[in-house]
Number of protein chains: 2
Amino acid sequence: MPATPAPQSPPPAPGRPPGRRLPGGPVLQDSVTEAIAAAFFEELAATGYARLSLEAVAKRAGAGKAAIYRRWASKLEMTVDLVSAVAVDASGPADTGSLRGDVLAFLAEVAHALNQPLAARIIPDLIAEGGRTPELAEALFTAVRDTRRGKATRLLDRAVDRGELPAAVDRELALDLLAGPLYWRLAVVHTPTAPDHLDRLADKLVAAFRA
Amino acid sequence: MPATPAPQSPPPAPGRPPGRRLPGGPVLQDSVTEAIAAAFFEELAATGYARLSLEAVAKRAGAGKAAIYRRWASKLEMTVDLVSAVAVDASGPADTGSLRGDVLAFLAEVAHALNQPLAARIIPDLIAEGGRTPELAEALFTAVRDTRRGKATRLLDRAVDRGELPAAVDRELALDLLAGPLYWRLAVVHTPTAPDHLDRLADKLVAAFRA
DNA sequence: TCGAGACGGAACGGTTCCGTCTCGTCTATG
DNA sequence: CATAGACGAGACGGAACCGTTCCGTCTCGA
């Protein structure tokens, strides 16, 4: 019974950090665990969550099915755990000194994420699946939506502090405007973007915030 | 000439219009066909395209599987056909006399569509599936995206004619701004909307277009 | 009246996947 | 060096669907 805490074992570390069965925190130190995680995301992009088969994940990872079941109890648990793990980055606040600069930095970050081919396929799929699987929706919300939401809110707060926006700026709308158009273009309609696309979008958004 | 051409048959109608096997045009006169279509969309909303089982559709419709296979050759063909059928409405141009009025009317139409519970579940699912199934993506594009795109383009043209926008208005960005924020809010993040939400959004969008 | 054909229903063999379990191998600790 | 434990591989029974085929019934138009 390796993975589970093994309450009686001697003082030092119980071997090397194994995976774990219950949610609580991503691990991934294991090379087998890493291979499984990579295979999981590739399979997720190719097949979609609904049709994703743990058998295919195991085969792609060059692992046995037992290696997966030793780490997670189910496909849903595995998904929640791995998705939460990758979304934790949260990264820097990106204070560029001006509202337009901050907006542009935010857009560039979103665009960069959505231009990853794997992410562009996986994210819409998980969002759609979240409509059917509340646990998955919650994991997405706390890991992704709330993180971005926090960044965008701080972006607006800084602009208010600088006097670039009135204190009463409509934050709800601003958040939708920051995320919506890019998501729509890159993840829904798959339209190519001109090199200065983000620049022009940033101009429009700043104008909208000030309205 | 509803069903197959039936080149030799006498002048009058050959019975009643049956479904048909190949794409080309929605029919749906049949009561059985209607029941199947309704069951299909309910099942699609509940299960998602990937897991949708024609057996379940037949059961929900109170029909036999043979009744489905008599009309469509596969799940994909059925989906393309039925989705194209519902999206054809296209509706009126909605010229309200002002840019802001037109924008608001456009937003209201989008919001109304996305507030249908079935649509709100089905659309993100089909979009995600479209990333994996080119035929489905194409059906969605020609039936939905191009229709909306045309409406939005005419909306901008009218504003240019009125002198409300410069002729060089950035149509690409405007289209993303019209669709993206609402789609983001209603279909991705599922956030409730205040009663005056569309009004305030329309103000922001008009300001953005003019920037 | 009678035949054509669509109907609901049920069963068919063939896949695919699940979650469990058993092999024999490899490796690292003690 | 011995051995415990994780490993890859894959067989297993059970379940769900697929797409097809067959019933026996019912409703038409000829």
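Computed from heavy atoms alone, side chains included, the values below leave out hydrogens, waters and symmetry copies. On a predicted model such as this, the values are computed, not experimentally measured, just so you know.
As a whole-Å value, the separation of B:Lys59 NZ from D:dC18 P is 13 Å. B:Ile68 places its CD1 atom 13 Å from the P atom of D:dT20, with the value rounded to the nearest Å. Going from atom CZ of A:Arg71 over to atom P of D:dG8 covers 8 Å, rounded to whole Å. What separates CG of B:Asp30 from P of C:dG5 is a distance of 16 Å, to the nearest Å. Between B:Ile36 atom CD1 and C:dA6 atom C1' there is a gap of 11 Å when expressed in whole angstrom units. Between the NZ atom of B:Lys75 and the P atom of D:dA16 there is a distance of 17 Å, rounded to whole Å.
Side chains of A:Leu198 and A:Leu182 form a contact here, defined as non-hydrogen atoms less than 4.5 Å apart. Between A:Arg70 and A:Val32, the closest side-chain pair of non-hydrogen atoms is not below 4.5 Å.
Taking only side-chain nitrogens and oxygens, A:Ser53 never comes nearer than 4.0 Å to OP1 or OP2 of C:dT16.
Applying the side chain to side chain donor-acceptor pair (under 3.5 Å) criterion to B:Arg132, with sequence neighbours excluded, gives A:Asp125, B:Glu129.
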Give each protein N/O atom lying under 3.5 Å from an N/O atom of nucleotides 8-12 of chain C, with the pair distance.
from: C:dG8; atom 1: OP1; to: B:Gly62; atom 2: O; distance (Å): 3.2
from: C:dG8; atom 1: OP2; to: B:Gly64; atom 2: N; distance (Å): 3.3

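You'll find that the side chain of A:Leu54 is closest to C:dG19, out of C:dC17, D:dT20, C:dG19.
Taken residue by residue, residues 39-51 of chain B places no heavy atom nearer than 4.0 Å to DNA chain D.
With salt bridges taken as basic N to acidic carboxylate O contacts below 4.0 Å, none links B:Asp102 and B:Lys151.
With rounding to the nearest 0.5 angstrom, the OG1 atom of A:Thr153 is 5.0 Å from the CG atom of A:Leu175.
For the pair B:Lys75 and B:Phe40, the NZ or CZ position fails the cation-pi test of under 6.0 Å to the six-membered ring centre and within 45 degrees of the ring normal.
The aromatic rings of B:Tyr183 and A:Tyr183 sit parallel to each other, their planes meeting at less than 30°, with 60° as the upper class boundary.
A donor-acceptor contact under 3.5 angstrom links the side chains of A:Thr33 and A:Arg71, judged on distance only.
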